[in-house]
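Throughout, residue positions are numbered sequentially from 1 according to the sequence presented.
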Amino acid sequence: QVQLVESGGGSVQAGGSLRLSCAASTVSASRYFMGWFRQAPGKKREGVAAMQSGGRARYYADSVKGRFTISEDNAKNTVYLQMASLQPEDTSMYYCATSAGENLIGGPLSTESYSSWGQGTQVTVSS
């Protein structure tokens with residue numbers, strides 16, 4: 001199973017930016033899809049951004065389109081989530097995940113499509 005470790009969370013004011021990192025224990029060829037998810041207290045975990053490792057396609061939730069960017073550095077086995085124009089409603093625990101294969105059960109932004117998860121990193125945005 002792939003080991004994933006997130007970092008880069010913190011506290012920022014509204015309008016600020018953060019970059020989250022997700023270090024993976026395996027090379028990109030075995031990771032298939034990578035996704036970023038978030039979960040606020042009392043809410044369901046939701047997909048934020050996803051990409052096929054080594055591919056060009058990017059997938060974003062409507063709520064973050066134009067503000068968040070997912071990318072990867074294969075030399076570092078790391079996936080990033082660049083977040084800009086952060087708002088209080090972006091406050092959540094953020095998790096990265098990788099799929100077990102190329103066929104996604106529920107689509108790129110569905111939690112059902114991913115089998116390995118990191119421990120999460122907290123993002124807090126104040127108004």
- Task: Might you point out which heavy atoms bring S113 and G107 nearest each other, and give the distance in Å?
- Result: OG-O, 2.7 Å
- Message: Minimum heavy-atom separation for A61 and L109, please, with both atom names.
- Response: N-CD1, 3.7 Å
- Item | Closest contact, heavy atoms only, R67 versus D90 | NH1-OD2, 2.8 Å
- Query: Minimum heavy-atom separation for L81 to A49, with atom names?
  - Reply: CD1-CB, 3.9 Å
- Task: Look up atom CD in E6 and atom SG in C22, then write down how far apart they are to the nearest 0.5 Å.
- Result: 5.5 Å
- Query: Would you say the side-chain atoms of S71 and Q82 include a donor-acceptor pair closer than 3.5 Å?
  - Reply: no
- Query: How far does CD of E46 sit from OG of S92, to the nearest 0.5 angstrom?
  - Reply: 6.5 Å
- Restricting to pairs with a member in residues 75-114, which pass ring-ring contact (aromatic ring centres under 6.0 Å, His included), not counting sequence neighbours? F37-Y114
- Message: Keeping T98 on the side-chain end and F33 on the backbone end, is there a donor-acceptor pair under 3.5 Å?
- Response: yes
- Task: Identify the heavy atoms of I70 and V79 that sit nearest to each other, and give their distance.
- Result: CG1-CG1, 3.9 Å
- Donor-acceptor pair, Q52 side chain versus R56 backbone, under 3.5 Å? no
- Kindly say whether A84 contributes a backbone atom to a donor-acceptor pair with the side chain of S17 at under 3.5 angstrom? no
- Examine distances only and state if a side-chain atom of R38 and a backbone atom of W36 form a donor-acceptor pair shorter than 3.5 Å. no
